[in-house]
Amino acid sequence: MALVSTNVREAGELLKVGQLVAIPTETVYGLAANALDSKAVAAIFAAKDRPTFDPLIVHVKSLDSMSDYVTNIPEKARQLAEAFWPGPLTLLLPKKSIIPDLVTSGLPTVGLRVPHHPLTLELLQMLEFPLAAPSANPFGYISPTTAQHVQEQLGDKIPFILDGGECLVGIESTIVSFEQETPRILRLGGLRSEDIESMIGSVEFNLYSSSSPLAPGMLKSHYAPRKPLYLHSKKEMADRELDAEIGYLFFTKPRHVALHENCLVLAEQSIETLSNNGLTNSLFLQAAQNLFGYLRKLDASPVKEIWVEILPEIDLGRAINDRLRRAAVSREL
C-alpha cells in the first residue's frame, strides 16, 4: 500500500524521479506526475485506466509561471486568474511545445490552474516542473476527497499519498476556454459561473462530449458509483416510502426521514443529507464538500441502488447536478 504522509519533501523527491504521487487540492485529490515527462504522464493513464483521449489538467505554482507553458494569455483569462487563483478555476489556453501531446490528448490547448492548498503549493514551489494531475481514482468512478479514498482505490498502484486532510471545495475545478470570441465554460465546478460572469461578462456553455473531449469531465458518463444511481425531484423523494434496500442522498433533510430514525440500521446505512435546511450559499458549499464522500459511503453500504435528490439549479447546485447527471443510470429530470 502507499505511504500516507504530510512530508512534502519526500513527495517532491519521488516526483523528481518520475514517480506518481497523490496530492491534496481544495477540489479533490489529484494523481500527480511531472507534466513535462511523457513517461511519467503515461503512468497516470495506466494507474487510472484512463483513456488517452481524455486530456489532463496541469497544476502550476503561480500566475507568473503560466507564460512558461502557453503561447497566449487573453486579457479575460488573465483577469480571471488574477481574481480567482489560487482556486478552483482551470484556464484552457494554447500550449507551448514544452507540454507533451500526451498531456493534452493531442489537442493544441492545455488546461492550467493554481491549486489552493498549502501543501501542494509548497510542493510546486520546490519543483522545477508543473504537475499533471487528474483526480486520484479509477477512471469514471467517484472522485476522492480524502487520503483514505485514494488509499482504498489506488494504494496498490502508487508509492505515496500526500495527506492534506479533507478537500474544502469537494468538486473539481470549473474549466473555461478562450478559443472562441466569447469565453466558454466546458466544465461546471467549484467556481460559480455567476462569479466568472461578474468578472468578464457573459459566457457560453459547452458541457458535453461523447468522444474526443476538449477538457476533462466532459464525457456523458463519469463520477459514477458502482451501484445504480437514480435522480429524483425533491417532491418525488418526499412522497415515496423509504426502502431499506435503497440508499438515499437528500439535499436538505426532509420531514419524513425523522419518522424513520428510530430504525437505526436504515438511518445509519442508507440515509445521507448533503446540507442543513435552507438555500443559502454556505449550504451549497457544504453540499459540494459532502457530495463525493457520501456517494462513496452509500456505494459501500448494503443497499442495492442509490436515489439522489436533484438540487436547485442555482449557485453550486448547477455543478453538483452536473456531476449527478453524469453518474446516473437514467436521468429522470
Side-chain angles (χ1 to χ4, degrees), residues 27-28 140-145 149 166-167 169-172 174 187-190 192-194 207-208 217 220-333:
T27 59
V28 301
Y141 191 62
I142 304 165
S143 298
T145 53
H149 293 161
E166 188 169 359
C167 299
V169 173
I171 56 175
E172 295 82 358
T174 303
R187 181 175 74 183
L188 296 168
R192 303 183 313 160
S193 56
E194 296 95 328
L207 304 177
Y208 288 92
K220 290 186 177 181
S221 178
H222 214 48
Y223 314 110
R226 308 206 185 285
K227 291 175 180 172
L229 183 150
Y230 300 93
L231 301 181
H232 296 277
S233 69
K234 183 180 182 72
K235 185 178 186 305
E236 287 174 326
M237 294 280 279
D239 287 349
R240 302 198 186 191
E241 182 101 12
L242 295 184
D243 185 329
E245 293 190 340
I246 297 174
Y248 299 90
L249 184 57
F250 294 94
F251 174 39
T252 56
K253 188 174 181 179
R255 223 171 266 172
H256 74 267
V257 171
L259 300 177
H260 290 262
E261 286 190 335
N262 288 331
C263 179
L264 294 179
V265 173
L266 180 61
E268 291 179 5
Q269 290 187 350
S270 61
I271 299 174
E272 299 293 346
T273 303
L274 288 173
S275 59
N276 298 319
N277 283 308
L279 291 176
T280 64
N281 180 50
S282 63
L283 293 177
F284 284 100
L285 288 173
Q286 185 182 11
Q289 291 168 358
N290 290 331
L291 176 65
F292 289 141
Y294 285 170
L295 284 177
R296 282 175 175 271
K297 184 176 178 182
L298 290 173
D299 202 28
S301 74
V303 301
K304 293 183 177 179
E305 58 188 60
I306 301 169
W307 288 11
V308 183
E309 177 187 337
I310 201 81
L311 274 64
E313 285 283 342
I314 59 173
D315 206 276
L316 286 179
R318 294 190 186 100
I320 295 169
N321 288 341
D322 173 80
R323 302 303 186 276
L324 292 172
R325 290 188 176 106
R326 294 176 201 270
V329 168
S330 65
R331 179 179 164 192
E332 305 210 357
L333 295 175

S.K.: Could you tell me whether a side-chain N or O of Arg323 sits under 3.5 Å from a main-chain N or O of Ala224, the two making a donor and an acceptor?
M.R.: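 A pair under 3.5 Å: no.
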
S.K.: Cys167 and Pro144: which non-hydrogen atoms are nearest, and at how many Å?
M.R.: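 Scanning both residues completely, I find the closest heavy atoms to be SG-O, 4.4 Å.
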
S.K.: With a 4.5 Å heavy-atom cut-off, do Glu313 and Asn321 have their side chains touching?
M.R.: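 A side-chain contact under 4.5 Å exists here.
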
S.K.: Rounded to the nearest 0.5 Å, what separates atom CD1 in Ile142 from atom CZ in Phe292?
M.R.: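 Here the rounded value is 8.0 Å.
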
S.K.: Check whether any side-chain heavy atom of Ser270 lies under 4.5 Å from a side-chain heavy atom of Glu245, and answer yes or no.
M.R.: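 With C-beta onward as the side chain, the pair stays apart.
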
S.K.: Begin with the C-alpha distance, continue with both residues' side-chain angles, and end with the deciding distance and a verdict on side chain to side chain contact (heavy atoms under 4.5 Å, CB included) for Ile171 and Thr27.
M.R.: CA-CA 5 Å; Ile171 56 175; Thr27 59; over 6 Å; no

S.K.: Could you tell me the separation between the CG atom of Leu285 and the CD atom of Gln289, rounded to the nearest 0.5 Å?
M.R.: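 One gets 6.5 Å once the value is rounded to the nearest 0.5 Å.
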
S.K.: Could you tell me if the side chain of Arg192 sits less than 4.5 Å from the side chain of Leu316, heavy atoms only?
M.R.: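 Result yes, sub-4.5 Å side-chain heavy-atom pair found.
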
S.K.: Taking only residues two or more places apart in sequence, or in another chain, which ones meet Ser143 in a side-chain hydrogen bond (donor to acceptor under 3.5 Å, both in side chains)?
M.R.: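 Applying side-chain hydrogen bond (donor to acceptor under 3.5 Å, both in side chains) to Ser143 gives Glu172.
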
S.K.: Which residues pass the side chain to side chain contact (heavy atoms under 4.5 Å, CB included) test with Glu309, sequence neighbours left out?
M.R.: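 Partners of Glu309 by the side chain to side chain contact (heavy atoms under 4.5 Å, CB included) criterion, ordered by chain and then number, come out as Lys234, Met237, Phe250, Phe251.
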
S.K.: Is the closest side-chain heavy-atom distance between Tyr230 and Ile306 below 4.5 Å?
M.R.: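 No; the side chains remain at least 4.5 Å from each other.
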
S.K.: Are side-chain heavy atoms of Leu274 and Leu311 found at a separation under 4.5 Å?
M.R.: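 SC-SC contact between Leu274 and Leu311 confirmed.
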
S.K.: Atom OH in Tyr294, atom CD1 in Ile271: separation rounded to 0.5 Å?
M.R.: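 If we round to the nearest 0.5 Å, Tyr294:OH and Ile271:CD1 are 12.5 Å apart.
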
S.K.: Which residue, Leu291, Leu324, Ile320, Leu298, forms the side chain to side chain contact (heavy atoms under 4.5 Å, CB included) with Val308?
M.R.: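 Per the side chain to side chain contact (heavy atoms under 4.5 Å, CB included) rule, the option paired with Val308 is Leu324, out of Leu291, Leu324, Ile320, Leu298.
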
S.K.: Report the residues that fulfil salt bridge (Lys or Arg N to Asp or Glu O under 4.0 Å) with Glu194, sequence neighbours left out, ordered by chain and then residue number.
M.R.: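 By the salt bridge (Lys or Arg N to Asp or Glu O under 4.0 Å) rule, Glu194 matches Arg318.
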
S.K.: Report the residues that fulfil side-chain hydrogen bond (donor to acceptor under 3.5 Å, both in side chains) with Asn290, sequence neighbours left out, ordered by chain and then residue number.
M.R.: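 For Asn290, no residue satisfies side-chain hydrogen bond (donor to acceptor under 3.5 Å, both in side chains) once neighbours in sequence are set aside.
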
S.K.: Using a strict 4.0 Å threshold on nitrogen-to-oxygen distance, state whether Glu305 and Arg226 make a salt bridge.
M.R.: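 No salt bridge links Glu305 with Arg226.
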
S.K.: For the residue pair Leu231 and Arg325, establish whether any side-chain heavy-atom pair is separated by less than 4.5 Å.
M.R.: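 Sidechains of Arg325 and Leu231: in contact.
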
S.K.: Apply side chain to side chain contact (heavy atoms under 4.5 Å, CB included) to the pair Leu295 and Leu229, showing each step before the final yes or no.
M.R.: CA-CA 9 Å; Leu295 284 177; Leu229 183 150; 3.7 Å; yes

S.K.: To the nearest 0.5 angstrom, please state how far the CZ atom of Arg296 sits from the OG atom of Ser301.
M.R.: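 Going from the CZ atom of Arg296 to the OG atom of Ser301 covers 14.0 Å.
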
S.K.: Is the closest side-chain heavy-atom distance between Leu249 and Thr273 below 4.5 Å?
M.R.: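 The answer is no, as the side chains (C-beta and beyond) never meet within the 4.5 Å cut-off.
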
S.K.: If you look at every heavy atom in Ala319 and Gly189, which pair is closest and at what distance?
M.R.: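 In this case the closest contact between Ala319 and Gly189 is CB-O, 3.5 Å.
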
S.K.: Going by heavy atoms in the side chains, are Tyr248 and Asp243 under 4.5 Å from each other?
M.R.: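 In contact.
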
S.K.: Please step through side chain to side chain contact (heavy atoms under 4.5 Å, CB included) for the pair Lys227 and Lys304, ending with a clear verdict.
M.R.: CA-CA 7 Å; Lys227 291 175 180 172; Lys304 293 183 177 179; over 6 Å; no

S.K.: So, using side-chain hydrogen bond (donor to acceptor under 3.5 Å, both in side chains) as the criterion, who are the partners of Tyr141 when residues are at least two apart?
M.R.: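 Here the qualifying residues are Asp299.
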
